Trainee: 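Dumping the structure here so I can ask a few things about it.
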Number of protein chains: 2
Amino acid sequence: MSKLERNLEAGNTHSGARSDSILDDLVGYALKRAHVHLNKSLASKLAEYDLRPSQFTAMLIIDENPGLMQADIGVQLLIEPPQVVTLVNRLEKLGLAMRVRCKPDKRSYGIFLSKQGEQTLRQLRLEVRALDAAGTARLSESERTELLRLLKKVYRD
Amino acid sequence: MSKLERNLEAGNTHSGARSDSILDDLVGYALKRAHVHLNKSLASKLAEYDLRPSQFTAMLIIDENPGLMQADIGVQLLIEPPQVVTLVNRLEKLGLAMRVRCKPDKRSYGIFLSKQGEQTLRQLRLEVRALDAAGTARLSESERTELLRLLKKVYRD
DNA sequence: TGATAATGTTACCAAGTATAACTATTTTGG
DNA sequence: CCAAAATAGTTATACTTGGTAACATTATCA
C-alpha cells in the first residue's frame with residue numbers, strides 16, 4: 001500500500017509537527033536558514049542606501065584594498081567579471097566609488113572609494129555590525145565566537 | 001590626504017593579504033561563504049537528477065507530510081505561492097510527485113510523491129548526506145554537532 | 001613580429017523571488 | 001439564504017542575481 005493510498009484512506013492530510021527530518025542533520029540546510037535569517041535585516045538596512053549586500057561587501061573590499069582591479073573584486077566576492085562591471089557601475093553612479101586609470105597596465109582600472117563612499121561606509125560599518133549582533137542575539141558571546149570559528153573552518157581553503 | 005592620493009603616490013595597488021576586516025567578525029558573511037561552499041557540490045549532484053536544491057527540499061517535505069497542500073510547502077520553504085506552482089509543476093513533469101484532488105476543499109490539492117519519487121528520494125538522501133559530510137569534513141564530529149546546534153539557535157523562532 | 005593571454009565590456013540567457021490580477025471555491029455575516 | 005470577503009491555486013510580469021559567449025583593447029612571450 002502506497003503512502004498516497006494510506007493517506008487517502010486515513011484522511012491523513014498534513015501532520016502539523018514534522019518528524020525528525022534529514023534536514024535537521026544537514027549543515028547545508030541549517031546554513032541556508034540561518035543566512036536567510038540574517039540577510040533579511042541586512043538587505044533592509046542597505047536598501048535605505050540603495051545598496052545590495054554584495055555592493056556593501058565590495059565597498060569594504062575596496063576600502064581595505066584601495067586601487068585594486070575589478071578582477072580582484074571578482075575573486076574576493078566569488079563572482080564573474082561581468083557582475084563586477086555592473087557592481088562598480090552602480091557604485092560609481094551612486095558616487096561612492098570610482099575607476100581611475102592609474103596603472104601601468106592600461107586595460108585595467110584602480111578602483112577607489114570616493115570621499116562620500118568612505119563616509120557612507122563608516123556609517124554602514126556600525127549599522128551592519130549592530131544588525132549582525134542583533135541577528136545572533138540568542139547566542140552568548142562565546143557561542144558567537146565559536147560559531148564564527150566553525151564557519152570559517154568549513155569554508156576556508 | 002585621501003586614500004586615493006596616498007595609494008597613487010605609493011603605487012600601492014592591491015595589498016595581497018587582507019588586513020583584519022569587519023567581514024571576519026560578521027556571522028552573516030561567514031554564513032554566506034559557508035553556504036556557498038556546501039551548496040556548490042549539492043547543486044552539482046542534484047543537477048544529475050535535473051533537480052534544484054529547493055526541489056529536493058520540497059521532495060523531503062512532501063515525503064514527510066504526504067498529502068500536504070501547496071501552501072504548506074510554501075510556508076516551510078519560505079517561498080511565495082507562485083514559486084510553489086512552478087516547483088510542483090517541475091516535480092510532476094519529472095514524474096516524481098503529483099497533485100491529487102483528495103480534499104473536502106476542492107480548491108486545493110494533496111501533494112504526494114510518486115513511487116519513482118520515493119525511490120529517487122531514497123537514493124538522494126544517501127548522496128546528499130554524504131555530500132554534506134564531505135563539505136564539513138574539516139570539522140570533528142563534535143564540532144559538526146555543535147555547529148548544527150548553534151545554527152539552529154540562530155534561525156529558530 | 002605574431003600568437004596567445006588577460007582586462008574589461010556588451011549582449012544574452014537561466015533561475016530565484018516578488019507582486020498584481022485572475023479563477024474557482026469556501027467561509028462569513030447580515 | 002445570499003452577497004461579500006477570504007482562500008488556494010494560477011498566470012503574467014518584472015526585477016535581481018548568477019552565468020556564458022563574444023568582443024575590443026592592451027600585455028606578454030616565443
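The figures that follow rest on heavy atoms only: side chains count, while hydrogens, waters and symmetry mates do not. Note that the structure is predicted; figures quoted are calculated from it, not measured. Chain naming here is simple, since letters A, B, ... match the order of the sequence lines and numbering starts at 1 in each.
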Trainee: Report the distance from atom NE2 of A/H35 to atom C1' of D/dT17, rounded to the nearest whole Å.
Mentor: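 Those two atoms, NE2 and C1', are 13 Å apart.
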Trainee: Please classify the nucleic acid contact of B/R99 as base, sugar-phosphate, or nothing, using heavy-atom distances under 4.0 Å.
Mentor: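 The answer is sugar-phosphate, as B/R99 gets under 4.0 Å only of primed atoms, P, OP1 or OP2.
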Trainee: In whole angstroms, how far is the P atom of C/dT7 from the CD1 atom of A/I111?
Mentor: 13 Å
Trainee: Go through the structure and list residues passing salt bridge (charged side-chain N to carboxylate O under 4.0 Å, His left out) with B/K45, not counting sequence neighbours.
Mentor: B/E48, B/E127
Trainee: So A/L78 and B/R33, do their side chains get closer than 4.5 Å, heavy atoms only?
Mentor: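 Side-chain contact under 4.5 Å: yes.
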Trainee: From the options D/dA8, C/dA15, D/dA27, select the nucleotide whose nearest atom is closest to the side chain of B/R52.
Mentor: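 Given the options D/dA8, C/dA15, D/dA27, the side chain of B/R52 is closest to C/dA15.
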Trainee: For residues 84-98 of chain B, which side-chain N or O atoms pair as donor and acceptor with protein atoms under 3.5 Å away, sequence neighbours left out?
Mentor:
{"residue": "B/T86", "atom": "OG1", "partner": "B/Q83", "partner atom": "O", "Å": "2.9"}
{"residue": "B/N89", "atom": "OD1", "partner": "B/R99", "partner atom": "NH1", "Å": "3.0"}
{"residue": "B/N89", "atom": "OD1", "partner": "B/R99", "partner atom": "NH2", "Å": "3.0"}
{"residue": "B/N89", "atom": "ND2", "partner": "B/V85", "partner atom": "O", "Å": "3.4"}
{"residue": "B/E92", "atom": "OE1", "partner": "B/R99", "partner atom": "NH1", "Å": "3.1"}
{"residue": "B/E92", "atom": "OE2", "partner": "B/R99", "partner atom": "N", "Å": "2.9"}

Trainee: Is there a side chain to side chain contact (heavy atoms under 4.5 Å, CB included) between A/V154 and B/H35? Walk through the geometry before answering.
Mentor: CA-CA 9 Å; A/V154 167; B/H35 179 248; over 6 Å; no
Trainee: For A/F56 and D/dT17, what is the distance between atoms CZ and P respectively, to the nearest whole Å?
Mentor: 16 Å
Trainee: Do B/Y49 and B/Q123 have side-chain N/O donor and acceptor atoms under 3.5 Å apart?
Mentor: yes
Trainee: With the side chain of B/Y109 defined as its heavy atoms from C-beta on, choose the nearest nucleotide among D/dG9, C/dG8, D/dT16.
Mentor: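 Nearest nucleotide to the side chain: D/dG9.
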Trainee: Mind calculating the distance between CG (B/D72) and P (D/dT7) to the nearest angstrom?
Mentor: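 These atoms are roughly 14 Å apart.
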Trainee: B/D50 CG to C/dA15 P: how many Å, rounded?
Mentor: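 Taking atom P of C/dA15 as the reference, CG of B/D50 is at 10 Å.
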Trainee: Taking CG from A/L46 and C1' from D/dT16, how many angstroms apart are they, rounded to a whole number?
Mentor: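 Rounding to the nearest Å, CG of A/L46 and C1' of D/dT16 are 15 Å apart.
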Trainee: Please confirm whether the backbone N or O of A/E143 pairs with a side-chain atom of A/S140, one donor and one acceptor, at under 3.5 Å?
Mentor: yes
Trainee: If you take any heavy atom closer than 4.0 Å to DNA chain C, which residues from residues 78-93 of chain A end up in contact?
Mentor: A/P81, A/P82, A/V85
Trainee: Separation of A/L77 atom CG from D/dT16 atom P, in whole Å?
Mentor: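 Taking atom P of D/dT16 as the reference, CG of A/L77 is at 18 Å.
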Trainee: Taking atom CD of A/E118 and atom CG of A/L113, what is their separation to the nearest 0.5 Å?
Mentor: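 Taking CD in A/E118 and CG in A/L113, the distance rounds to 6.0 Å.
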Trainee: How do B/R101 and A/S54 order along DNA chain D: which one's closest nucleotide is nearer the 5' end?
Mentor: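 Looking at the nearest nucleotide for each, B/R101 comes out on the 5' side.
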Trainee: Measure CG/B/L51 against C1'/C/dA15 and give the value in whole Å, please.
Mentor: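 Interatomic distance, CG of B/L51 to C1' of C/dA15: 15 Å.
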Trainee: Could you tell me whether the side chain of A/R107 has a donor or acceptor atom within less than 3.5 Å of a complementary atom in the base of C/dA6?
Mentor: yes
